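Have a look at the structure below before the remarks.
Here the structure is a predicted model, which means the values were calculated and not measured. Numbers restart at 1 for each chain; the letters A, B, ... are given by sequence-line order, proteins then strands. We use all heavy atoms of the structure for the numbers below, so side chains are in, but hydrogens, waters and symmetry mates are not.
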There are 2 protein chains.
Amino acid sequence: MDNWDDLRIFLAVARDESLSAAGRRLRMDAATVGRRVARLEESLGAPLFAKSPQGYALTEAGSRLVRFAEEAEQATSQASEALVGRTEGLSGQIRIGAPDGCASFLLPQVCARIADRNPDLDVQIVALPRVVNLSRREADMAIAVSPPSAGRLVVQKVTDYRLHLAASDAYLAAHAPIAVPEDLKGHRAVGYIPDMIFDKELDYLGELGVERVPLASNSVAVQFHWLRQGAGLGIVHDFAMPTAPGLRFVLREQISLTRSFYLVRHADDRRLERQTRFAEALVAGMREELTRLELLAEQGGPPG
Amino acid sequence: MDNWDDLRIFLAVARDESLSAAGRRLRMDAATVGRRVARLEESLGAPLFAKSPQGYALTEAGSRLVRFAEEAEQATSQASEALVGRTEGLSGQIRIGAPDGCASFLLPQVCARIADRNPDLDVQIVALPRVVNLSRREADMAIAVSPPSAGRLVVQKVTDYRLHLAASDAYLAAHAPIAVPEDLKGHRAVGYIPDMIFDKELDYLGELGVERVPLASNSVAVQFHWLRQGAGLGIVHDFAMPTAPGLRFVLREQISLTRSFYLVRHADDRRLERQTRFAEALVAGMREELTRLELLAEQGGPPG
DNA sequence: TGCCTCCTTTGCAAAAACGCAAAACGCCTT
DNA sequence: AAGGCGTTTTGCGTTTTTGCAAAGGAGGCA
């Protein structure tokens with residue numbers, strides 16, 4: 001086996017019985033999936049699937065392989081968990097600063113799980129509508145949407161996340177259907193207060209060319225509740241969608257934004273074993289939770 | 001875990017405690033190995049090794065990971081074996097045609113193992129100094145060094161193999177040391193009979209610019225025994241080297257050839273389940289054996 | 001029959017990964 | 001104390017891989 005990763009692709013195709021379905025799940029092009037399967041077959045010297053325009057069906061050789069691919073899958077997923085669980089025995093207090101979207105929809109679950117495993121640990125989340133000042137020790141570490149350039153700081157990228165336009169079912173039912181970006185004209189926008197945007201990465205509506213924001217707040221949570229109540233249209237973090245069953249994506253295919261979270265710490269704090277271990281668990285936990293939520297969001301709403 | 005294959009690289013580095021050593025074992029550049037490890041660390045969000053100019057040492061997080069990487073390794077290696085072992089219950093007779101180098105040094109072990117697992121199966125190896133004529137049913141399937149272009153045949157690449165100059169210890173001791181290609185002048189060449197070369201891929205010496213071949217045979221085995229007895233210098237399949245402890249590579253770094261084996265069958269025979277299963281086992285077995293022998297050959301001889 | 005949809009496959013251009021070579025670094029020996 | 005040897009790291013050109021778009025088929029339905 002020259003490339004273990006081909007086994008991962010194989011398993012997805014075996015389960016979906018189709019290149020295109022497996023591609024969607026793996027977030028890869030179907031052509032790539034097909035080529036990876038072909039490479040594995042060549043490497044193994046045996047046909048794994050019976051190919052047809054209706055899909056991929058396992059051959060006898062292929063079905064023999066599934067069991068071992070599943071064992072490998074279990075090993076790799078346990079590998080990730082082995083690092084997530086690295087916090088046992090932490091104690092004391094740790095304070096995290098974060099923008100309020102992250103603080104509201106992501107950190108609570110993640111920190112709760114870490115706290116569950118560490119009864120003597122106190123976790124504090126500081127949600128702030130501005131960049132946290134680590135030098136003044138407003139927090140032990142911070143989540144940011146742009147990597148800071150100045151200061152003796154160490155930055156680690158946590159993960160990408162996606163944002164889309166959304167509105168409530170009720171709002172959408174009360175207005176003409178929105179099929180193309182031009183249909184947005186005349187709708188009421190919900191967003192940030194333009195002159196209180198503390199990081200250019202947050203200027204979502206500006207990037208989309210929206211000029212007026214009739215309903216504005218410096219808090220993502222407030223915007224979110226406006227949308228939920230059917231007050232208008234606005235940008236929502238994908239990972240927040242599962243919280244609000246009544247929300248639907250709008251023009252999801254045409255309008256899509258991607259941003260990133262970064263974990264920022266003092267350079268000096270790198271030696272603090274306790275903080276390092278907490279940071280690792282936080283990063284792993286945030287990635288896991290975000291993947292879970294975005295998948296939920298994607299499946300939850302009908303294609304908008 | 002975005003890419004299972006990074007776990008394979010991780011395991012090699014963990015075992016060798018060095019990028020360069022792992023790179024040699026994996027047949028990859030050390031820089032690539034380092035980058036793959038870095039990617040895995042980023043993906044997991046935790047440092048796996050303590051890096052120093054003396055090598056890579058596992059961190060606590062890294063050593064936690066080893067166990068799961070080993071489980072994945074076991075799963076993948078069993079996956080390969082699951083296909084190799086696919087022949088149980090074969091019976092009857094199967095005849096394979098092959099060029100005599102392959103027939104002598106590779107097929108015997110491979111076919112013996114298959115026969116071991118199939119008491120009712122008779123395997124016949126036809127070693128021929130020419131292309132096997134499958135249309136006339138001289139054999140059920142054949143190994144070739146070039147893919148045939150004509151005929152209703154189905155071709156499958158089996159594997160690459162390497163060839164190098166070699167001579168016996170005794171011969172080398174009796175002559176001036178050979179350090180550069182020019183030193184070859186005046187040495188006695190052992191090779192094919194020029195006008196009996198049945199496939200241009202076999203014209204090794206022609207490719208190297210050798211004009212006279214004082215000791216020539218149409219049989220690789222005969223050439224091999226000449227070399228073994230110290231009769232001169234000639235091209236030897238790497239996979240034949242472990243058979244002759246007295247042989248040494250000459251100018252291995254400077255002069256190196258690569259060829260490929262192909263498995264050829266009748267298009268009509270693809271439906272014969274028995275032959276297909278045998279072919280799969282043959283391909284897998286040849287690859288496994290060749291890898292084993294070339295690794296032995298590489299480690300056996302001192303660098304030439 | 002003819003159209004429509006969903007799938008795979010192929011060609012091509014962009015992006016990522018790779019190997020090579022040089023640089024940088026620490027240890028060991030002379 | 002200085003130079004040699006092994007290592008990792010970095011920059012660069014090349015190869016490989018990937019995604020996209022179009023083409024090619026096979027079934028379903030009017």
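- Among the heavy atoms of the strands lying under 4.0 Å from A:G55 are primed sugar atoms or P, OP1, OP2 only; no base atom is included.
- Side-chain polar atoms of B:T258 and B:D160 form no donor-acceptor pair below 3.5 angstrom.
- Aromatic ring orientation, B:F49 versus B:Y56: tilted (interplanar angle from 30° to 60°).
- Considering CZ of A:F239 and SG of A:C102, their distance stands at 6.0 Å, rounded to 0.5 Å.
- In this structure, B:R35 and B:E17 both approach DNA chain D, and ranking their closest nucleotides by distance from the 5' end singles out B:E17.
- Taking five base pairs at each end of the helix from C:dT1-D:dA30 to C:dT30-D:dA1, the local helix axes there meet at an angle of 20°, rounded to 10°.
- Salt bridge B:R15/B:E73: present, at least one basic N to carboxylate O contact under 4.0 Å.
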Hey, what are the protein-to-nucleotides 26-30 of chain D N/O distances that come in under 3.5 Å?
unit_1	atom_1	unit_2	atom_2	d
D:dG27	OP1	A:Q54	NE2	3.4

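- C:dC18 atom P lies 6 Å from atom CZ of B:R39, rounded to whole Å.
- Near DNA chain C, meaning a heavy atom under 4.0 Å away, the residues from residues 20-32 of chain A are A:S20, A:A31.
- Rounded to whole Å, atom P of D:dT16 lies 14 Å from atom CD of A:E42.
- A pairwise comparison of heavy atoms in A:L134 and A:H266 identifies O-CE1, 2.7 Å as the closest pair.
- Between B:D6 atom CG and C:dA16 atom C1' there is a gap of 13 Å when expressed in whole angstrom units.
- Between A:R8 and A:D5 there is a salt bridge, since at least one side-chain N of the basic residue sits less than 4.0 Å from a carboxylate O of the acidic one.
- As rounded to whole Å, 15 Å separates atom P of D:dT16 from atom CG of A:N3.
- Applying the 4.0 Å criterion to OP1 and OP2 of D:dG6, one finds that B:Y56 has every side-chain N and O outside that range.
- Taking the charged nitrogens against the carboxylate oxygens, B:R39 and B:E42 have no contact shorter than 4.0 Å, which rules out a salt bridge.
- Taking a cutoff of 4.0 Å between a charged side-chain nitrogen and a carboxylate oxygen, A:K51 and A:E41 qualify as a salt bridge.
- Heavy atoms only, all atoms of each residue included: A:A61 and A:P47 are closest at CB-O, 3.7 Å.
- With rounding to whole Å, B:E41 atom CD is found 13 Å from D:dT8 atom P.
- Atom-to-atom, CG of B:D16 to C1' of D:dG6 comes out at 15 Å; the value is rounded to the nearest Å.
- Taking all atoms of both residues into account, the shortest heavy-atom contact from B:E201 to B:V145 is CG-O, 3.7 Å.
- As rounded to whole Å, 7 Å separates atom C1' of C:dT8 from atom CG of A:L19.
- Atom-to-atom, CZ of A:R36 to C1' of C:dA16 comes out at 13 Å; the value is rounded to the nearest Å.
- Classification of B:R292 and B:E288 as a salt-bridged pair fails, no side-chain N sitting under 4.0 Å from a carboxylate O.
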